[in-house]
Engineer: 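Shown below is the structure under consideration.
Within every chain, numbering begins at 1; the chains are lettered A, B, ... in the order of the sequence lines, protein sequences first and strands thereafter.
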Protein chains: 2
Amino acid sequence: MAVPLYQAKAEFFRMLGHPVRIRVLELLGEGPKPVRELLADIGVEASSLSQQLAVLRRAGIVTSAREGSTVTYALAGPDVADLMRAARRILTEMLAGQAELLDELRETDTAAAAEA
Amino acid sequence: MAVPLYQAKAEFFRMLGHPVRIRVLELLGEGPKPVRELLADIGVEASSLSQQLAVLRRAGIVTSAREGSTVTYALAGPDVADLMRAARRILTEMLAGQAELLDELRETDTAAAAEA
DNA sequence: CAATGACTTGAAGAAGTATTCAATTAGTCA
DNA sequence: TGACTAATTGAATACTTCTTCAAGTCATTG
């Protein structure tokens with residue numbers, strides 16, 4: 001692995017940094033799903049979804065399999081499901097913490113605003 | 001909060017998606033640090049670091065305080081430290097899992113390549 | 001006060017991502 | 001085979017984000 005770890009991490013997070021990709025991963029967390037269903041749940045154009053699915057596929061975080069005329073996607077491993085669970089948990093904590101944080105920041109902001 | 005949760009998540013991950021920002025957060029996980037020290041540890045230009053620190057500040061994930069002529073940064077809360085710990089743990093699991101995953105993918109790739 | 005050190009900001013160009021639409025592949029069914 | 005649905009790909013345009021450098025702030029010290 002020639003890539004430094006912190007860079008791998010950054011790439012990984014960047015890969016998660018798109019609303020459609022997040023939604024796909026969360027939906028797949030419930031189990032494998034055909035594209036048709038993702039499409040209905042997420043409500044973007046088919047080609048847009050496909051583009052984002054391609055990003056996830058390239059990252060090796062999901063797999064796809066054709067069954068007849070439909071293609072079904074799944075998380076590439078249990079690690080990924082864990083990750084999404086952890087992400088959800090942490091994010092909600094973060095966003096909850098944000099409220100208190102905002103208060104602290106507001107003090108600074110108004111102090112700064114008073115000068116302007 | 002008018003922003004849908006999955007979009008907030010995406011923004012959050014995008015905010016993490018930069019090598020310098022990752023390193024800063026990990027260093028600050030050990031405790032507050034003056035810019036001078038971050039600069040020495042990370043080894044980028046001062047202005048580059050400042051730009052990335054500004055991103056983290058805007059996101060409300062770190063705070064800065066001037067003490068005399070030096071500026072010291074710290075994680076905005078314990079949640080952030082937790083997040084970085086979780087991220088590290090999960091990422092290393094993920095990257096470890098990547099090895100097996102690669103093997104599986106290689107099969108598919110060579111099968112596909114054989115047709116070309 | 002001028003000069004220096006620590007850090008931040010602004011702005012321009014380069015590089016990377018997203019969005020969109022047309023074209024394409026793959027499978028089904030009449 | 002030809003028409004149709006499902007999904008993917010390619011490519012152009014529009015957007016963001018990075019990087020870099022010059023200029024700026026703020027405190028310290030000669």
Side-chain angles (χ1 to χ4, degrees), chain A residues 3 6-24 27-28 32-59 61-74 108-109 111-112 115-116, chain B residues 3 6-24 27-28 32-59 61-74 108-109 111-112 115-116:
Chain A
V3 184
Y6 54 84
Q7 187 166 340
K9 288 189 190 180
E11 273 165 33
F12 184 79
F13 284 128
R14 208 171 336 115
M15 189 272 290
L16 293 177
H18 188 290
V20 169
R21 296 197 291 263
I22 292 282
R23 300 200 71 188
V24 166
L27 287 167
L28 294 184
K33 293 219 182 327
V35 171
R36 176 177 15 85
E37 201 167 320
L38 295 173
L39 211 45
D41 287 352
I42 299 179
V44 294
E45 272 203 30
S47 73
S48 285
L49 179 59
S50 241
Q51 299 275 9
Q52 302 312 325
L53 289 173
V55 172
L56 296 175
R57 245 185 298 124
R58 265 179 252 126
I61 199 174
V62 302
T63 58
S64 67
R66 177 151 230 144
E67 295 162 15
S69 74
T70 80
V71 176
T72 295
Y73 278 78
T108 330
D109 282 355
E115 293 189 316
Chain B
V3 184
Y6 54 83
Q7 187 167 339
K9 288 189 191 179
E11 274 165 31
F12 183 78
F13 283 127
R14 210 171 333 118
M15 188 274 288
L16 293 177
H18 188 288
V20 169
R21 295 197 291 263
I22 292 282
R23 300 199 71 187
V24 167
L27 287 167
L28 293 184
K33 293 221 183 324
V35 172
R36 177 177 15 86
E37 201 167 319
L38 295 172
L39 211 45
D41 287 352
I42 301 180
V44 295
E45 272 204 30
S47 73
S48 284
L49 178 59
S50 241
Q51 299 275 8
Q52 303 312 326
L53 288 174
V55 172
L56 296 174
R57 246 184 300 123
R58 266 179 249 126
I61 200 175
V62 303
T63 58
S64 67
R66 176 151 230 144
E67 294 163 15
S69 74
T70 80
V71 176
T72 296
Y73 278 79
T108 329
D109 282 355
E115 293 191 317

Engineer: Within this structure, what is the OH-NZ distance for the pair Tyr6(B) and Lys9(B), rounded to the nearest 0.5 Å?
Structural biologist: 11.5 Å
Engineer: Quick check on contacts: within residues 34-42 of chain B, what sits under 4.0 Å from DNA chain C by heavy-atom distance?
Structural biologist: Val35(B), Arg36(B)
Engineer: I'd like the 5' and 3' limits of the part of DNA chain D contacted by chain A, with heavy-atom contacts below 4.0 Å.
Structural biologist: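 Contact span on the strand: dA6(D) to dA11(D).
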Engineer: Going 5' to 3' along DNA chain C, between which two nucleotides do contacts with chain B fall, using a heavy-atom cut-off of 4.0 Å?
Structural biologist: dA6(C) to dA11(C)
Engineer: Kindly write out the residues that satisfy side chain to side chain donor-acceptor pair (under 3.5 Å) with Arg14(B), not counting sequence neighbours, or none if the list is empty.
Structural biologist: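 Scan of Arg14(B) (side chain to side chain donor-acceptor pair (under 3.5 Å), adjacent residues dropped) gives none.
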Engineer: Given that Val20(A) and Thr72(B) both sit by DNA chain C, which one's nearest nucleotide is further toward the 5' end?
Structural biologist: Thr72(B)
Engineer: I want to check something: taking the side chain as every heavy atom from C-beta on, are Phe13(B) and Ile22(A) in contact at a cut-off of under 4.5 Å?
Structural biologist: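 Yes; the side chains approach each other to less than 4.5 Å.
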Engineer: Looking at residues at least two apart in the chain, or sitting in another chain, which of them share a side chain to side chain contact (heavy atoms under 4.5 Å, CB included) with Ala54(B)?
Structural biologist: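 By the side chain to side chain contact (heavy atoms under 4.5 Å, CB included) rule, Ala54(B) matches Arg57(B), Arg58(B).
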Engineer: At a heavy-atom distance below 4.0 Å, what parts of residues 45-55 of chain B sit against DNA chain D?
Structural biologist: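 Listed by number, they are Glu45(B), Ser47(B), Ser48(B), Gln51(B).
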Engineer: With sequence neighbours excluded, tell me which residues meet side chain to side chain donor-acceptor pair (under 3.5 Å) with Gln51(A).
Structural biologist: none
Engineer: State which residues pass side chain to side chain contact (heavy atoms under 4.5 Å, CB included) with Ser48(B); sequence neighbours excluded, sorted by chain then number.
Structural biologist: Val44(B), Glu45(B)
Engineer: Just to verify, what does Arg36(B) make a side chain to side chain contact (heavy atoms under 4.5 Å, CB included) with, not counting sequence neighbours?
Structural biologist: Pro34(B), Thr70(B)
Engineer: In this structure, which one of Leu56(B), Val35(B), Thr72(B), Val71(B) forms a side-chain contact (heavy atoms from CB on, under 4.5 Å) with Ser64(B)?
Structural biologist: Val71(B)
Engineer: So Tyr73(A) and Leu53(A), do their side chains get closer than 4.5 Å, heavy atoms only?
Structural biologist: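 SC-SC contact between Leu53(A) and Tyr73(A) confirmed.
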Engineer: Applying side-chain contact (heavy atoms from CB on, under 4.5 Å), run through Ile42(A) and Leu27(A) and close with a yes or a no.
Structural biologist: CA-CA 9 Å; Ile42(A) 299 179; Leu27(A) 287 167; 3.7 Å; yes
Engineer: Please enumerate all residues that pass side chain to side chain donor-acceptor pair (under 3.5 Å) together with Arg23(B), with sequence neighbours excluded.
Structural biologist: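 So Arg23(B) forms no side chain to side chain donor-acceptor pair (under 3.5 Å) with any residue.
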Engineer: Go through the structure and list residues passing side chain to side chain contact (heavy atoms under 4.5 Å, CB included) with Ala74(B), not counting sequence neighbours.
Structural biologist: Pro32(B), Thr63(B)
